[in-house]
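Okay, so here's the structure we're looking at.
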2 protein chains.
Amino acid sequence: MAEKVTITDVAKAAGVSRQTVSNTLNSPEVVREETRKHVLEVIERLGYRANQAAIQMRTGRSRLIAIGIEPDGDGISGSWADRFLHSLSETAAQEGYRILLYTAADDPSEIATYEDLLGAYKPDAFVLTGTHHDDLRASWLLERGLPFVAFGRPWSDLPDARHPWVDVDGAAGTEAATRHLLAAGHRRIGFIGWPPGSGVGDDRREGWARTLRDQDRGQELGGLQRAVEDGIAAGESAARDLLAADPGVTALVCASDSLALGALQAREPARPVAVIGFDDTPAARAVGLSSVHQPLGEAAAACVELLARALESPDAGPPSAHVLLAPTLTIRQSA
Amino acid sequence: MAEKVTITDVAKAAGVSRQTVSNTLNSPEVVREETRKHVLEVIERLGYRANQAAIQMRTGRSRLIAIGIEPDGDGISGSWADRFLHSLSETAAQEGYRILLYTAADDPSEIATYEDLLGAYKPDAFVLTGTHHDDLRASWLLERGLPFVAFGRPWSDLPDARHPWVDVDGAAGTEAATRHLLAAGHRRIGFIGWPPGSGVGDDRREGWARTLRDQDRGQELGGLQRAVEDGIAAGESAARDLLAADPGVTALVCASDSLALGALQAREPARPVAVIGFDDTPAARAVGLSSVHQPLGEAAAACVELLARALESPDAGPPSAHVLLAPTLTIRQSA
DNA sequence: GTGAAAGCGCTAACAA
DNA sequence: TTGTTAGCGCTTTCAC
């Protein structure tokens, strides 16, 4: 097993040439059924595994997918990497790929890492997370025609920013949250989100806004929302402010669980307020906070699938396929 | 950059043989200072990176460290992988290694993955997480003399279970928590943990127990503790039960944040009870739960260091070095 | 201190 | 359909 058995050993044991063994594995259709079966049997018996380094030298393909992992911010909204990585790794393995991990603090250092990786391990593709406006990484990869998929939409609409991506429909999530609250009888529903311009945040706000507009065309949304940096403390003061300014508000939709956790603390005993967060983090589960749940497992699987497809047929048209997944609403005590 | 530049290109550009380039990189002391500098300069200028696959073919070393990632349980106590992986990846990169990810549901399938990996990518070493009694993985690796480090002590005292490991001193953590509570004036301090036999859980209980014994030699600890499976609900009912059974209890130390979160909910307005959890998860931060904080970054760094040292000198004695890190106490509102 | 030759395990071309 | 040859980029002898 650990005592490396090479293709030559298999060939010898099976009484065929090395080539036939290779063909059995890589172009089965070219080998006679009988021979193929026999070779496969010997491979199994000997526990043969093709040496990836040798394959890479010959074919240039490493069957490695590289992904960067960032340090999470406050640790509350940031702990999605876990589930994503697990699923990514699992799906990749099914497709015959392995995941190579790297860290980078910002775009430039991530690009430097690409150069390193490309020179040494030559990953077949990259997975980008946390895409943002003017993403240097995407343009760098695009320029060089390197295969990659982004988890997150390309927020800049550069004409050449066409690449495969997978994302969760944030607007659909906040829309579902808002609809749920409307159905529960709430009429004035506030929104606590991030300052405009962040892509992800704007998207989440939009789902709330369009649902209210849809419900009551004349409704003035300005006073119903607050925009602050992410964080529990910020969420709390924003919620306090909003609730004080509009006594009619009975429910809040938030752009993150951090903000929602803060909103929860802003409530007064005399005035129950329903709160729904976003991300369905462990913290939300812990305190009974309703939250929009992102299908991270599916997202990761979609990333791998897109990549695998692109890698199988490198020539097949513009690789700009994308997948937009719908989040689900997890209802707990808070709403 | 992406246009592969090989050692031959460097040799040509520098006007030396490929050999000299290789030596400059791998045995600098054997190359004349002047030549070395010149070659290094050319390498820099050309952006040369040694092809890892070729190196691996020749030397058998992949500079890859493999680590398994498990799906987390309730997601509260389980989300430490994030921080650990980040640090692992970062430290590894500094030492010239990269992290290869894999998933496995249980010991046997993890072992099957080892065989796969060893056959194909040939990682230089493995990092084991979640070690437990009778760990099949450790014995399998040990048997074959494959380098690995465990994050977690070898809980079985098999005579040959000697391998490098890194762990966090759970007992020291609960001891610190208990001492903190004693210093705050608490006298009857309860403990909510897991059923005996889990290694990690026993260790955490011991820190609490020895501190109380130390404080008050005659104290009967039996009634002050409860053992349940991990989870918020279990923690809540255990705490309720314990508090009802002993009206003198004013503080609780818990073996996990999940249990502590439950204990928090078991409190009655009329009876304030201090609670301290374990793991310092995002959820703890979110609700203001004091908790024992594990230095995961350092732990990961220690793993890499141990591995790197073992890999540099494969012959240097029994590779049974270990590192036991002290956790810290993060105090918040709950205690 | 530097160069030449060999070969790691594999597969793409070609020949049989 | 199967076998033979060559060579991917690197390091490790061993001459020089």
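Every value quoted in this text rests on a predicted model; they were computed, and no experiment measured them. Within every chain, numbering begins at 1; the chains are lettered A, B, ... in the order of the sequence lines, protein sequences first and strands thereafter.
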Q. Which nucleotide, D:dT4, C:dC10, C:dT2, lies nearest any side-chain atom of B:Arg32?
A. C:dT2
Q: Check whether any side-chain nitrogen or oxygen of A:Arg18 sits under 4.0 Å from OP1 or OP2 of D:dG3, and answer yes or no.
A: no
**Q.** Under-4.0 Å side-chain N/O to phosphate OP1/OP2 contact, A:Thr35 with D:dT2
**A.** yes
Q) Taking the six-membered ring for Trp, are A:Tyr114 and A:Trp140 parallel (under 30°), tilted (30 to 60°) or perpendicular (over 60°)? A) tilted
Q: Find the distance B:Arg58:CZ to C:dA5:C1' and express it as a whole number of Å.
A: 11 Å
Q: Check every atom of C:dG3, C:dC10, D:dG9 against the side chain of A:Asn51 and return the nucleotide holding the closest atom.
A: C:dC10
Q: Please determine if B:Asp124 and B:Arg63 form a salt bridge, counting it only when a charged side-chain N lies under 4.0 Å from a carboxylate O.
A: no
Q | Most 5' of A:Val30 and A:Gln19 on DNA chain D, judged by nearest nucleotide | A | A:Val30
Q) Atom CZ of A:Arg63 to atom P of C:dT11: distance rounded to whole Å? A) 12 Å
Q) Is it true that the side chains of B:Glu305 and B:Thr91 contain a donor and an acceptor less than 3.5 Å apart? A) no
Q) Are OP1 or OP2 of C:dG3 and a side-chain N or O of B:Thr20 less than 4.0 angstrom apart? A) yes
Q. When you measure from the side chain of A:Met57, which nucleotide among D:dC10, C:dC10, C:dG9 comes out closest?
A. C:dG9
Q. Could you state the CZ-P distance from A:Arg49 to C:dC10, rounded to the nearest angstrom?
A. 13 Å
(Q) Distance alone, cut at 3.5 Å: any donor-acceptor contact between the side chains of A:Asp106 and A:Ser109? (A) yes
Q.
Closest approach to the side chain of A:Val31, judged atom by atom: which nucleotide of C:dC10, C:dA12, D:dT2 is it?
A. D:dT2
Q) Out of C:dT2, D:dG3, D:dT11, which nucleotide sits closest to the side chain of A:Ser17? A) D:dG3
Q) Closest to the A:Asn23 side chain: C:dC10, C:dA12, D:dT2? A) D:dT2
Q: Pick base, sugar-phosphate or nothing for B:Ala50, based on heavy-atom distances below 4.0 Å to the nucleic acid.
A: sugar-phosphate
Q: Could you please spell out the steps behind the side chain to side chain contact (heavy atoms under 4.5 Å, CB included) verdict for A:Val304 and A:Leu88?
A: CA-CA 7 Å; A:Val304 172; A:Leu88 193 73; 3.6 Å; yes
Q | Nearest-angstrom distance from the residue atom CD1 of B:Ile7 to C1' of D:dT12 | A | 12 Å
**Q.** Interatomic distance, B:Gln56 CD vs C:dC8 P [rounded to whole Å]
**A.** 15 Å
Q. Would one find a side-chain N or O of B:Asn26 under 4.0 angstrom from OP1 or OP2 of D:dT11?
A. yes
Q | Spacing between A:Ile55 atom CD1 and C:dG9 atom C1', to the nearest angstrom | A | 9 Å
Q) At under 4.0 Å, does any side-chain N or O of B:Ser22 touch on OP1 or OP2 of D:dT11? A) yes
**Q.** Whole angstrom value for the distance that separates P of C:dG9 from CZ of B:Arg61
**A.** 18 Å
